[in-house]
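Bear in mind the structure is a predicted one, so any value in this text is a computation, not a measurement.
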Amino acid sequence: MNESELFDRYAHSNLPVSFRVLGIGEAAKGIIEAVNSYGYDCVSAIVLTAPFECVPTDEDKMVIIVAKDNENHANSIAKTFHDAGVLTLGLLDNADLDCYDSVVAEASYTEYPDLIKAILQPIVTQGKIAYDFNDLQTTLTDAKHFLIKSVTRCDKERVAEAIGCIKSSLTSSLINKIERLSIFLYFNKVGKQPLVMQEMTALTDFLSELPESIYVIWAVYPDESISDEEIKVTILAAGKELENG
């Protein structure tokens, strides 16, 4: 059985997994291949082809639906999952917001693999200060829109510089539209420059500057995919008006 036949076989099955990534149509194949390369447990990433049939199971907690074309089919599948109480996220243009809990804002199609990894990584890996699926639900349920920004830095002021870059990308108008915010700090635990408590001052200062109306969750994770001296800061922001940021 060749790769194309495997994709078609899985497209018409309902796999008993907690988190699914569904690519709607062959245009999403490259993104689904990238997600599968992450090797995350409890994640199924498949391409759906005609007749574009897929229904939720009792095990489903979250579905991420990706489409470049076939938006109508994507919206129809999303509605089925959303109506079943599954956290339903959309990475596509022309999304029907009533069919999703939240749809990505300010992102191009080429960014989708990295965005999917940013969503999945905290909930399928073990953190020093952990973030679980319930936290993700709190951030994204009925949020309508979300955005993700990541910055990597590697010098002595790496955390402060990364936070500063994140801050510079958040205009006052955008900040006022954020309702919920998750912040992730990633470091290489076997690196030559270990993360120390003094570096966290930049993060706590940033949190203190945010409007009190924003619900904030933050977490710290080791990540061997970044270099020895690097840290990465990722934010996941959600809000009903973010698409106009």
Side-chain angles (χ1 to χ4, degrees), residues 18-21 31 34-35 38 40 43 61-66 86-92 95 97 100-108 111-153 159 162-171 173-187 200 202-204 206-207 209-211 213-223 225-226 231-245:
S18 297
F19 312 121
R20 292 209 230 185
V21 183
I31 292 174
V35 174
Y38 303 149
Y40 291 146
V43 175
K61 294 181 178 179
M62 177 179 68
V63 62
I64 302 172
I65 294 179
V66 184
V86 178
L87 180 64
T88 305
L89 309 179
L91 275 67
L92 71 164
L97 295 181
Y100 302 83
D101 283 281
S102 193
V103 174
V104 71
E106 298 186 8
S108 67
E111 295 175 294
Y112 286 177
D114 289 336
L115 299 184
I116 294 169
K117 184 175 183 179
I119 294 168
L120 293 172
Q121 187 173 4
I123 60 175
V124 300
T125 57
Q126 183 63 45
K128 296 294 185 181
I129 299 176
Y131 180 99
D132 62 19
F133 177 68
N134 290 329
D135 295 321
L136 186 69
Q137 276 189 310
T138 298
T139 301
L140 294 178
T141 297
D142 294 328
K144 296 303 180 185
H145 298 278
F146 71 92
L147 60 84
I148 295 173
K149 297 179 183 291
S150 293
V151 175
T152 302
R153 291 291 184 270
V159 176
I163 293 291
C165 189
I166 292 287
K167 287 169 62 176
S168 69
S169 70
L170 299 176
T171 63
S173 174
L174 185 59
I175 288 175
N176 289 333
K177 293 172 182 176
I178 295 174
E179 299 172 22
R180 308 165 201 164
L181 180 66
S182 295
I183 305 173
F184 311 103
L185 195 155
Y186 295 97
F187 69 101
M200 300 300 289
L203 175 60
T204 55
F206 173 52
L207 296 179
E209 296 167 4
L210 293 172
S213 60
I214 300 178
Y215 181 85
V216 181
I217 307 171
W218 62 278
V220 178
Y221 282 83
D223 185 346
S225 71
I226 61 177
I231 64 94
K232 180 173 70 174
V233 176
T234 298
I235 65 165
L236 170 58
K240 293 181 174 60
E241 302 298 326
L242 280 183
E243 86 284 9
N244 299 317

Evaluation steps, side chain to side chain contact (heavy atoms under 4.5 Å, CB included), between Thr125 and Tyr186: CA-CA 12 Å; Thr125 57; Tyr186 295 97; 5.6 Å; no
Value rounded to 0.5 Å, distance of CD1 in Ile175 from CD in Glu209: 8.5 Å
Approximate separation, where rounding is to 0.5 Å, of Phe133 CZ and Lys61 NZ: 6.5 Å
Euclidean distance, Asp132 CG relative to Gln126 CD, rounded to 0.5 Å: 10.0 Å
Contact check, side chains of Val159 and Ile231, non-hydrogen atoms, under 4.5 Å: yes
Asp101 side-chain N/O to Thr88 backbone N/O, donor-acceptor pair under 3.5 Å: yes
Side-chain touch Phe206/Ile183, heavy atoms, less than 4.5 angstrom: yes
Ring-ring centroid check Phe19 Tyr40, cutoff 6.0 Å: no
Approximate separation, where rounding is to 0.5 Å, of Ile217 CD1 and Ile129 CD1: 13.0 Å
From Leu170 atom CG to Asn176 atom CG, the distance as rounded to the nearest 0.5 Å: 11.0 Å
Pairwise side-chain contact, Met200 with Val220, heavy-atom cut-off 4.5 Å (strictly under): yes
Intermediate values then yes/no, salt bridge (charged side-chain N to carboxylate O under 4.0 Å, His left out), Glu106 and Lys149: CA-CA 10 Å; Glu106 298 186 8; Lys149 297 179 183 291; 3.6 Å; yes
Verdict with supporting geometry, Val104 and Phe146, side chain to side chain contact (heavy atoms under 4.5 Å, CB included): CA-CA 5 Å; Val104 71; Phe146 71 92; 3.7 Å; yes
Side-chain heavy-atom pair Met62, Ile119 within 4.5 angstrom cut-off: yes
Ser150 side chain reached by Lys117 side chain, heavy atoms, under 4.5 Å: no
Derivation and outcome, side chain to side chain contact (heavy atoms under 4.5 Å, CB included), residues Phe184 and Gln121: CA-CA 10 Å; Phe184 311 103; Gln121 187 173 4; over 6 Å; no
Straight-line distance of Leu87 CG to Ser102 OG, nearest 0.5 Å: 8.5 Å
Residue pair Leu174 / Ser169: nearest heavy atoms and the distance that separates them: CD2-O, 4.0 Å
Check against side chain to side chain contact (heavy atoms under 4.5 Å, CB included), Leu236 and Tyr131: CA-CA 12 Å; Leu236 170 58; Tyr131 180 99; 4.3 Å; yes
Note, Glu179 side chain near Tyr215 side chain (heavy atom, < 4.5 Å): no
